[in-house]
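Written below as structure tokens is the structure these notes are about.
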Amino acid sequence: MKMHELEADVLIIGGGLGGTAAALAAAREGCRVIMTEESDWIGGQLTSQAVPPDEHRWIERCGCTSSFRELRERIRAYYRDNYPLTKAARANKLLNPGNGWVSRLAHEPRVALSVLEAMLAPYVNSGKLRILKETAAVSAETEGDLVSSVTVACRRSDRRTVLRAPYVLDATEGGDLLPMTGTEYSVGSESRSESGEPHAPETGDPEDVQAFTHVAALEYIPGADFTPEKPPEMYSYWRDLVPPFSPYPLLSWFATDAGDTTKKKEFTLLPNDKGVTSLWDYRRILDPRHLAAPLYDGDLSLLNWAQNDYYLGTILDVPSTVKEDRLYAARQLTLSVVYWLQTEAPRLDGGKGWPGVRLRPDVLGTRDGLAKSVYIRESRRIKALQTITEADVSKEMRGREGIRRYEDSVGVGSYHLDLHHTTVTYRSFYIPNYPYEIPLGALIPVRMNNLLPACKNIGTTQISNGCYRLHPTEWNIGEAAGALAAYCLRTGLRPREVHGDAEQLASYQELLASRGVEMHWPEDVEKEVVEGV
């Protein structure tokens with residue numbers, strides 16, 4: 001069968017936040033871009049995975065790129081322009097649509113999707129950018145240290161297409177192009193002797209990967225009863241399971257305390273006056289109190305809790321049958337948590353269950369109310385010129401040295417070194433961090449010359465990945481990778497040559513700065529985190 005072929009200047013495999021930012025950056029510099037996306041929604045974490053933005057406390061004034069700030073402001077503007085907001089909500093410059101306490105901008109995935117599509121629209125409409133949705137990479141061809149083509153398949157038709165471009169960016173959630181192209185990479189945990197990290201295990205294990213989660217959209221209507229006639233198929237299994245890292249069943253209100261991961265903390269569903277932390281408003285994405293007219297029947301929230309983290313095995317570098325079995329079990333886990341909430345979850349008043357909880361398929365564009373894609377926290381990671389470790393980010397290890405600065409910085413970010421339970425050793429960390437920078441060396445593979453990471457697949461360890469994996473950082477990585485590909489096409493240089501030449505590095509950084517990329521943290525932020533002022 002003759003393959004259909006397409007060519008571009010820059011090929012981006014994966015249409016999540018990193019891929020979208022990379023496409024925007026490359027097209028903005030005049031490149032012809034092809035971007036693929038496995039689902040029918042671009043946006044990854046914000047949309048198809050249904051995870052509100054995890055951000056740092058300075059996000060409203062610094063610590064992200066101009067384009068990410070534009071994304072955030074456009075989301076707020078979308079609510080002002082299209083929703084019947086109250087006067088107070090409309091006037092609030094820092095509107096948090098869901099009043100979720102995990103994020104300063106907890107919002108509906110469909111809103112993020114609309115905004116991202118609008119940001120890309122000029123390039124799509126002009127023909128600079130072509131997006132192939134419901135399309136995934138199935139193989140790749142290489143010639144020496146170059147990726148010569150990537151073959152993709154459309155999920156609806158199974159039509160195969162060969163894509164070619166001088167530069168190929170891996171923006172997949174799992175670093176899927178790395179094994180396909182023979183690019184050197186790490187996966188799972190590194191040993192302590194290998195990384196020098198105090199929180200690394202004595203022995204590394206490629207199967208010891210962070211838990212992933214299948215998120216669901218929920219609505220709660222007091223007094224209603226949405227309990228299904230029968231429980232999910234695996235409900236008994238998940239209800240009775242006691243994890244090896246806890247004395248309590250997985251389906252309970254006790255989970256790891258982020259303040260001290262050696263202890264368990266009690267939670268409950270709804271806000272209360274008893275001092276027990278509620279999870280409903282943790283990732284609430286629509287608070288009806290913002291609305292001046294009836295629109296939703298109840299609050300909307302996202303189920304992405306410790307209770308539905310799937311830690312029983314990785315889905316990276318395993319046989320397809322094993323992967324499918326684990327994805328099915330993870331789906332069953334989330335459905336089981338929903339049924340448990342409706343029927344058996346203990347209430348603070350001594351009763352059990354909230355039958356008014358229901359799944360909202362329309363919120364996520366699916367039939368069952370579960371996200372289109374699973375939330376993958378940990379990717380395969382390139383073997384890079386620079387590997388970021390715990391020592392570069394940990395507040396305790398950096399001490400009075402403060403924020404680590406890089407001459408080759410291409411962006412900034414901040415988040416705790418947050419590891420959810422891993423699949424073999426069951427380790428879990430929430431290590432205090434200093435704000436960090438993104439060194440260009442972490443985006444350049446040790447060997448490959450035209451492949452760049454554009455998601456959370458950069459040169460980190462498993463532990464440092466715990467903070468470099470979040471929304472603003474992923475966007476920044478994608479933007480830097482897209483701009484680097486464009487810069488290399490313009491100059492005829494390879495990424496490694498740009499990194500190794502002080503003059504070219506400075507010129508590339510000037511391009512980033514002209515587009516609103518922050519390379520270093522302000523001095524007042526460093527003083528605040530080091531001196532506590």
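Remember, it's a predicted structure, so these values are computed and weren't measured experimentally.
The side-chain heavy atoms of Val276 and Leu348, taken from C-beta on, include a pair separated by under 4.5 Å.
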message = Set out, in order, the CA-CA distance, both residues' side-chain angles and the distance that settles salt bridge (charged side-chain N to carboxylate O under 4.0 Å, His left out) for Glu233 and Arg331, then state yes or no.
response = CA-CA 11 Å; Glu233 184 177 308; Arg331 177 182 292 272; over 6 Å; no
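Here the closest heavy-atom approach between residue Glu528 and residue Trp58 is recorded as OE1-NE1, 3.1 Å. In plain terms, the two heavy atoms of His107 and Leu46 that are nearest each other are CE1-CD2, 3.9 Å.
With salt bridges taken as basic N to acidic carboxylate O contacts below 4.0 Å, none links Lys93 and Glu73. Between Asp176 and Arg380, at least one side-chain N (NZ, or NE/NH1/NH2) sits under 4.0 Å from a carboxylate O, which counts as a salt bridge. Of the charged side-chain nitrogens involved, none lies within less than 4.0 Å of a carboxylate oxygen, so that Arg69 and Glu60 do not count as a salt-bridged pair. Arg469 has no carboxylate O lying under 4.0 Å from a charged side-chain N of Asp54, or vice versa, which leaves the two without a salt bridge. Checked for salt-bridge contact, Arg377 and Asp309 meet the test: a charged N lies under 4.0 Å from a carboxylate O. Salt bridge annotation for Arg104-Glu55: absent, with no cationic side-chain nitrogen under 4.0 angstrom from a carboxylate oxygen. Between Asp40 and Lys133 there is no salt bridge, since no side-chain N of the basic residue sits under 4.0 Å from a carboxylate O of the acidic one. A salt bridge links Asp297 with Arg358; the closest basic N to acidic carboxylate O contact falls under 4.0 Å.
Using a 30° and 60° split on the angle between ring planes, Trp101 and Tyr282 fall in the tilted class, from 30° to 60°.
The neighbour count for Arg367 CZ, taken as heavy atoms of other residues, nucleotides or ligands under 6.0 Å away, does not exceed 12.
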